[in-house]
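Excluded from the calculations below are hydrogen atoms, water molecules and symmetry mates; all remaining heavy atoms, backbone and side chain alike, are included. Order of the sequence lines sets the chain letters (A, B, ...), proteins ahead of strands, with each chain counted from 1.
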Amino acid sequence: MINQLIFTLCFIGAILLFAKNARQLYRNINLGRALNRNDKPGERLKTMLLVAFGQKKMFKRITPAILHLFVYIGFCIINIEMIEIVIDGMFGTHRFLSFLGGFYDILIASFEWLALGVLVGCIIFLIRRNVIHLKRLNSAELANWPKTDANLILIVEILLMTAFLLMNAADQKLQLLGGSHYSPVGSFPISQYLVSILPHDPSSLVLIERTSWWFHILGVLAFLNYLPYSKHLHILLAFPNTYFSNLKPKGELTNMENVTNEVKAMLDPSFTPPLSEQPLRFGAKDVQDLTWKNLLDAYTCTECGRCTSSCPANITGKLLSPRKIMMDTRDRLEEVGKNIKANGTFVDDGKSLLDTYITREELWACTSCNACVEQCPVNINPLEIIVELRRYTVMEESQAPASINTMFGNIENNGAPWKYSQMDRANWTSQQ
Amino acid sequence: MEKELHVPTMAELTAKGETADILFWVGCAGSFDERAQKITRDICRILQHVGLKYAILGTEESCTGDPAKRAGNEFLFQMQAMMNIQVLDGYEVKKIVTACPHCFNTLKNEYPALGGNYELIHHTQLIQTLIDEGKLKPADGHDFQGKKITYHDPCYLGRANEVYEAPRKVLESLDAQLIELKRCKSNGLCCGAGGGQMFKEPEKGTKDINIERIEEVIDSQATVVASACPFCMTMLKDGVKIKDKEKEIEVLDIAEITVRANQI
Ligand code: SF4
Ligand code: SF4
């Protein structure tokens, strides 16, 4: 009885805490500018099913894709096991779903195989990060917390899976000993190999079974509340993030309507622009100037670095790393969120995404090639943020590099980015 | 072999009371860059050869505004766009062919929001259609037979607009040996010129992007690298020069290859 009470309290507490965290994430994402991504629900659903659910873009790199697939399917399906754990915990039952009979055996057997898959996947991931030192997973922006975060996730997953298998093994042995609470159910293709290493005495077995059970469930609940602080948040946000993907061609940059009105007024003095509610800053200096989708992107980023390792600027040693752009955006957004929480509204802290986090040298190294956008397995767009920051430096501050300003001047005066007269534009027709 | 080239302008045709089926948007590079001018003239040769009724805007054409937009100057971009739309709509242009993926992308994707709606065709797509229709056919014993040819995907044609097959179809028709670079199609590597980079010095790093790309071309052992963008052309050509491979590797646009193979 007391166990049931403790369990129920832990469970409800964890869910409430998560709801609070989730509300805060939602609030932070909503600090971004409006953007309509509610059109074409069918196409959006399809994108989500293919990219997030079906892992389509992961398969651009086959080894991590397969390992990730193990972990991903394992994680999704083993969560079904959680249903049983929660029912057992609340009502003091044991293996509640076992009335499913033969189907239950299949379920448990497949969970065991998947647990093994997760285990193997995570171990190889750890080796890739810490022993082989894969370049993509060891760049400068991953020093300190991001590195610890990644390793922590992998270790916790390994522990959780081990506990799951150990729990099953102890249960089996108790079943064989014929304890009343442990009637023979389930099929254990993996954990059967652990049975022989366990002690024979029933009370130790019960202790192992119960400890593993509690460790497993408390671990999952703790993990749930760790998500908002971790790159692991992508296991939830990958789904909405791909649903709200940009469905337009990658080459198309957004049209700035506030500029359109001003340009129309310049070209046609009789044009009266529609009144906008509040004058918007041109481009972005800080996270509030980005759209909510850019901010959702930042929370979804799993720091895999596929973007950076295909970025031509990064490959050739420039400072720019699209992964860092996303990590900076998230860090700054968290900071702004804390600021709002502490002060009620945002109080200027003398910092901003541009300059405090992202330098101009990074911005101007981008070739707008879209390689980062193409590579991202969860449809994140670092280029949009880069362009918004450039817009701010150019239109609000007039701080473009000198040669870029020369290019602007040439276009304005000669209708070409080079210093040639527009009247010479067709000279090539007479030179055979 | 070279026929006299007469390139009609929209203004000329209108004066004669004629119209064109298709507008050839030349672009700044195609108009002013010496190397790109050759490609421009070859496209005119192709259009003339197959008897398409086309025209250019000539001195009425202006920069699409692409480099301004990507460098963050939306004002300048929209000024350019609206002026160009006025000219294009004045001539009731419906269909545009261009050799520049940047012009292609901007006219196709970014002009509609400002009221300019046109059907855009990249010259590699036009050439592919002409081959499919049997209007273009490589001549017997042309220059490229059996040669190792590779193709560099321009970001603004490939990833940005998912045109991967048209240029490859053209090369496949050549009876040459088409080799893919290590990074190709959607995984292609940028030449280093986009996003305004063409007009400034690169940020400091360990090497220039076009050098990284040329090293890949050299590794492929191709003797011809085909491009489909005037900016890629400049970057690849410079790369070949810096690597001192001008004798071994020829950089040619798909249009130039077509003209040479068809002996137009
Ligand atoms: S678009 Fe910019 S940031 Fe993204 S890969 Fe290309 S150069 Fe790098
Ligand atoms: S933006 Fe996408 S590709 Fe880049 S690190 Fe984040 S999740 Fe990976």
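Note that CD of A:E262 and CZ of B:F75 are 4.0 Å apart. Values are rounded to the nearest 0.5 Å. The distance from the CZ atom of B:F32 to the CH2 atom of A:W428 is 11.5 Å, given to the nearest 0.5 Å. The CZ atom of B:F77 sits 9.0 Å away from atom OG1 of A:T260, with the distance rounded to the nearest 0.5 Å.
Both the backbone and the side chain of B:A29 come within less than 4.5 Å of a heavy atom in chain A. Of the two parts of B:Y156, only the side chain, counted from C-beta on, holds a non-hydrogen atom closer than 4.5 Å to a non-hydrogen atom of chain A. Residue contact with chain A, scored on non-hydrogen atoms closer than 4.5 Å, involves the side chain of B:F231 exclusively. Using a 4.5 Å cut-off between heavy atoms, B:E61 touches chain A through backbone and side chain atoms alike. Heavy-atom distances place the side chain of A:W418, and not its backbone, under 4.5 Å from chain B. Proximity to chain B is limited to the side chain of A:L267, based on heavy atoms less than 4.5 angstrom apart. Neither the backbone nor the side chain of B:C191 comes within less than 4.5 Å of any heavy atom in chain A. Using a 4.5 Å cut-off between heavy atoms, A:D424 contacts chain B through both its backbone and its side chain. At a 4.5 Å heavy-atom cutoff, the contact between B:E74 and chain A is made by backbone and side-chain atoms alike. Residue contact with chain A, scored on non-hydrogen atoms closer than 4.5 Å, involves the backbone and the side chain of B:I209 alike. Looking at A:Q375, the atoms closer than 4.5 Å to chain B (heavy atoms on both sides) all sit in the side chain, from C-beta outward. With a 4.5 Å cut-off on non-hydrogen atoms, B:I211 does not touch chain A at all. Using a 4.5 Å cut-off between heavy atoms, B:N105 touches chain A through its side chain atoms alone. Contact of A:E362 with chain B is not made at all, since no heavy-atom distance falls under 4.5 Å. Heavy-atom distances place no part of B:R213 under 4.5 Å from chain A, backbone and side chain included. Looking at A:A371, the atoms closer than 4.5 Å to chain B (heavy atoms on both sides) sit in the backbone and in the side chain alike. The part of B:E60 that comes within reach of chain A is its backbone (N, CA, C, O), which places non-hydrogen atoms under 4.5 angstrom from that chain. Heavy-atom distances place the side chain of A:F282, and not its backbone, under 4.5 Å from chain B.
The shortest distance between side-chain heavy atoms of A:K248 and B:N109 does not fall below 4.5 Å. Two residues are said to be in side-chain contact when any heavy atoms from C-beta on lie closer than 4.5 Å; A:T429 and B:I56 meet this criterion.
The two residues B:A68 and A:F408 have their closest heavy-atom pair at CA-CE2, 3.7 Å. A pairwise comparison of heavy atoms in B:G194 and A:S368 identifies C-OG, 4.1 Å as the closest pair. Between A:N255 and B:Q78, the shortest heavy-atom contact is OD1-NE2, 3.0 Å. Across B:A71 and A:M407, no two heavy atoms sit closer than the pair CB-CE, 4.2 Å. The minimum heavy-atom distance linking A:P417 with B:C63 is given by the pair CD-SG, 4.2 Å. Looking at every heavy atom in both residues, A:T254 comes nearest to B:K69 through O-NZ, 2.9 Å.
Ranked by heavy-atom pairs under 4.5 Å with chain B, the list A:E361, A:E374, A:M266 is led by A:E374. When each of A:N427, A:V394, A:I315, A:V259 is scored by its heavy-atom pairs under 4.5 Å with chain B, the top score falls to A:V259. Taking chain A as the reference chain and counting heavy-atom pairs below 4.5 Å, the highest number among B:T64, B:L114, B:L189, B:T9 is found for B:L114. Ranked by heavy-atom pairs under 4.5 Å with chain A, the first of B:E212, B:Q80, B:K207, B:E162 is B:K207. The candidate from A:S421, A:G317, A:S310 with the greatest count of non-hydrogen atom pairs under 4.5 Å with chain B is A:G317. Options B:S186, B:C155, B:C28 differ in how many heavy-atom pairs under 4.5 Å they form with chain A, and the most are formed by B:C28. Considering only heavy-atom pairs separated by less than 4.5 Å from chain B, the leading option among A:A416, A:A365, A:A426 is A:A365. Interface check for chain B: of the options A:I404, A:L383, A:V387, the most heavy-atom pairs under 4.5 Å are formed by A:I404. Among the candidates B:H102, B:Q37, B:E110, B:M83, the residue making the largest number of heavy-atom pairs closer than 4.5 Å to chain A is B:E110.
Other residues, nucleotides and ligands place no more than 12 heavy atoms under 6.0 Å from the NZ atom of A:K46. Heavy-atom neighbours of A:E257 CD from other residues, nucleotides or ligands within 6.0 Å: at or below the threshold of 12. Other residues, nucleotides and ligands place no more than 12 heavy atoms under 6.0 Å from the NZ atom of B:K38. Other residues, nucleotides and ligands contribute more than 12 heavy atoms inside 6.0 Å of the NZ atom of B:K200.
Judged by distance alone, with hydrogens and angles left aside, the side-chain atoms of A:K60 form no donor-acceptor pair with the main-chain N or O of B:N187 at under 3.5 Å. When atom types are taken as modelled, the side chain of A:Q422 and the backbone of B:T59 share a donor-acceptor pair closer than 3.5 angstrom. Side-chain N or O atoms of A:N370 include none that pairs as donor or acceptor with a backbone N or O of B:R159 at under 3.5 Å. The closest donor-acceptor contact from the side chain of A:K318 to the backbone of B:T206 lies at 3.5 Å or more, if one exists at all.
Between A:T367 and the choices B:R70, B:Q197, B:M198, the side-chain contact (heavy atoms from CB on, under 4.5 Å) rule is met once, by B:Q197.
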**Item:** Criterion side-chain contact (heavy atoms from CB on, under 4.5 Å) on A:E412 and B:M79, from CA distance to verdict
**Value:** CA-CA 9 Å; A:E412 206 171 329; B:M79 291 286 281; over 6 Å; no

